[in-house]
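Fair warning: this is a prediction, and the values are worked out from it, not measured in the lab. The analysis underlying the following values was restricted to heavy atoms, covering all of them including side chains, and did not include hydrogens, waters or symmetry mates.
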Amino acid sequence: MIEQGAAVKLLILDAGHCLSLALARESNRRSDVELVIEPRLGLAPERLDEVAPDALIIPPLSHPISADPASVTAHAEAVEACMQACRERDVPLVWCVSDQLYEEGFEGVIDEHVVPQPRDDGLRRLVSTGERIRAELPRHLIVRVGPLFALEGSHAWLGELLDSLANGEEVRAASDVIFCPTSSDAVAMALIGMLQQQHCGADAWGSYHLAGTEPVSAYTFVSMVRTQLATRLEGRGESVELGSVKALSHHHDQPLRRVLNCRRVLEVFGVHQKPWRLEVGRMLDLWCLARDEEAGTEEESGKA
């Protein structure tokens with residue numbers, strides 16, 4: 001346990017992941033967090049000795065349902081190797097996991113105690129990894145998150161979506177898959193807060209759900225992003241022919257719902273979920289500012 005008020009040292013893997021970048025931004029704004037970022041998902045056990053972190057954080061494998069089996073297996077093996085190293089050195093492990101492990105969804109909200117039971121072999125491999133962590137490493141957090149969105153980094157989703165729309169490309173999205181889009185920035189803030197409380201004596205290890213509010217279909221989310229983008233560009237006097245959004249239907253009988261119940265993270269750590277609409281709006285403003293800066297740079301280069 002660290003002293004009250006002391007800075008928490010966190011080690012996170014996969015430097016290019018959108019969650020790693022979000023944690024870097026958040027830690028740079030604070031004096032109570034020291035963040036060390038490793039470039040890859042793999043980690044030599046000796047590196048834990050060198051850094052001596054208060055916790056090791058592993059970002060999620062996004063869209064494991066559609067990932068190739070080799071990637072899913074490699075991710076699971078890397079997580080288990082990290083778990084083994086953490087157990088030998090008594091370092092807490094934080095593993096973020098996609099809500100897609102709940103492959104077939106539920107009619108109601110999904111509580112933390114509900115262990116995923118997917119049929120897909122790759123998803124079952126990830127569930128097996130989670131079971132090993134629960135059985136072998138008492139000090140762990142398994143944090144299940146909705147589809148992460150951010151402007152930059154791997155698995156960012158929103159940045160790629162905005163670029164596609166601005167380039168006039170058609171975007172396809174399921175109209176019958178319901179989930180809670182999750183801001184990577186919001187997850188970063190929550191993880192830091194949770195780990196600070198843990199190391200100040202909360203001792204509340206286990207599985208938690210951390211997702212945005214307001215369940216929405218992928219199609220509605222993408223359509224809303226397009227509408228907000230069009231409104232902002234029009235307000236700035238830009239005339240851009242945005243790409244269209246096409247609805248896809250995969251579940252003809254009834255929508256598939258993956259809605260995580262995040263009540264426990266509120267009760268234990270006081271973490272409130274951020275509405276995805278507000279987070280999308282904030283990121284759109286940042287995207288427009290970056291667009292302005294890029295246009296200004298190009299104009300200056302033309303003059304030179």
Side-chain angles (χ1 to χ4, degrees), residues 1-2 6-28 30 32-64 67-98 101 122-123 125-145 148 150 152-156 184 187-196 198-199 205-208 210:
M1 185 184 302
I2 66 173
V8 178
K9 179 185 283 190
L10 304 177
L11 176 61
I12 185 166
L13 307 184
D14 194 358
H17 197 287
C18 65
L19 180 57
S20 299
L21 297 178
L23 280 163
R25 287 191 296 271
E26 181 62 20
S27 64
N28 286 337
R30 312 169 65 127
D32 56 355
V33 178
E34 180 182 350
L35 187 66
V36 179
I37 306 178
E38 288 293 296
R40 292 172 296 277
L41 184 61
L43 181 73
E46 295 76 20
R47 184 62 175 150
L48 277 179
D49 298 327
E50 296 172 9
V51 178
D54 295 307
L56 171 65
I57 303 175
I58 303 178
L61 174 64
S62 299
H63 311 298
D68 66 272
S71 297
V72 176
T73 299
H75 182 87
E77 291 177 348
V79 172
E80 291 174 357
C82 288
M83 184 272 294
Q84 177 73 21
C86 286
R87 185 178 63 182
E88 294 172 354
R89 291 155 177 80
D90 194 26
V91 174
L93 174 67
V94 181
W95 181 35
C96 296
V97 189
S98 168
L101 265 63
L123 299 182
R125 180 68 177 84
L126 294 176
V127 171
S128 174
T129 297
E131 291 175 344
R132 277 199 62 188
I133 292 173
R134 278 187 285 270
E136 301 178 27
L137 187 66
R139 293 205 300 164
H140 71 265
L141 292 176
I142 296 177
V143 182
R144 304 184 184 116
V145 297
L148 292 183
E152 58 181 351
S154 59
H155 313 283
S184 62
V187 173
M189 291 180 63
L191 288 178
I192 288 175
M194 293 164 70
L195 288 170
Q196 285 178 325
Q198 291 289 69
H199 289 284
W205 305 103
S207 299
Y208 291 88
L210 189 60

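- Between L210 and A190, the closest heavy-atom pair is CD2-CB, 3.7 Å.
- Looking only at side-chain heavy atoms (C-beta outward), W205 and L141 come within less than 4.5 Å of each other.
- Taking all atoms of both residues into account, the shortest heavy-atom contact from S98 to P60 is N-CB, 4.2 Å.
- The side-chain contact (heavy atoms from CB on, under 4.5 Å) with R139 is formed by just one residue from the set D90, V94, V91; it is D90.
- Side-chain contact check for M83 versus W95: every heavy-atom pair is 4.5 Å or farther apart.
- Rounded to the nearest 0.5 Å, atoms CD1 (I12) and NE2 (H17) are 8.5 Å apart.
- For R125 and T129, the side-chain atoms include at least one donor-acceptor pair closer than 3.5 Å.
- We find the OG1-CG distance between T73 and D68 to be 8.5 Å, quoted to the nearest 0.5 Å.
- Interatomic distance, CZ of R30 versus CE of M189, reported as 7.0 Å (0.5 Å rounding).
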### Message
Between S27 and L10, does the side chain to side chain contact (heavy atoms under 4.5 Å, CB included) criterion hold? Intermediate values first, please.
### Response
CA-CA 10 Å; S27 64; L10 304 177; over 6 Å; no
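- Closest non-hydrogen pair, I37 versus S20, comes out as CD1-O, 4.3 Å.
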### Message
Please determine whether side chain to side chain contact (heavy atoms under 4.5 Å, CB included) holds for the pair I58 and L93, giving the CA-CA distance in whole Å, both sets of side-chain angles, and the decisive distance to 0.1 Å.
### Response
CA-CA 8 Å; I58 303 178; L93 174 67; 3.7 Å; yes
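- For the pair A52 and K9, the tightest heavy-atom approach, listed with the atom from each and the gap, is O-CD, 3.8 Å.
- Counting only N and O atoms by type, the side chains of E80 and Q84 include no donor and acceptor under 3.5 Å apart.
- Within the 4.5 Å cutoff, side-chain heavy atoms of H75 are placed close to those of L41.
- Here the shortest heavy-atom pairing between R89 and E46 reads NH2-N, 4.3 Å.
- Put simply, CG on D49 and CD on E88 are 9.5 Å apart, with the number rounded to the nearest 0.5 Å.
- Remark: L13 CG to L56 CG distance equals 5.0 Å, nearest 0.5 Å.
- A 4.5 Å side-chain heavy-atom check between C96 and L191 finds at least one atom pair inside the cut-off.
- Put simply, CD1 on I133 and SG on C86 are 9.0 Å apart, with the number rounded to the nearest 0.5 Å.
- Nearest heavy-atom pair across L21 and G16 is CD1-O, 4.1 Å.
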### Task
Quick one: do D32 and Q196 satisfy side chain to side chain contact (heavy atoms under 4.5 Å, CB included)? Show the steps, please.
CA-CA 9 Å; D32 56 355; Q196 285 178 325; 2.6 Å; yes
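- Of the possible polar contacts, none joining the H199 side chain to the V8 backbone as a donor-acceptor pair under 3.5 Å is found.
- Counting heavy atoms from C-beta on, the side chains of L101 and V127 come closer than 4.5 Å.
- At least one side-chain heavy atom of L43 sits less than 4.5 Å from a side-chain heavy atom of L11.
- Between P92 and D54 the shortest side-chain heavy-atom distance does not fall below 4.5 Å.
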### Message
For a side chain to side chain contact (heavy atoms under 4.5 Å, CB included) check, start with the C-alpha distance between R134 and S207, then their side-chain angles and the critical distance, and finish with the verdict.
### Response
CA-CA 9 Å; R134 278 187 285 270; S207 299; 3.3 Å; yes
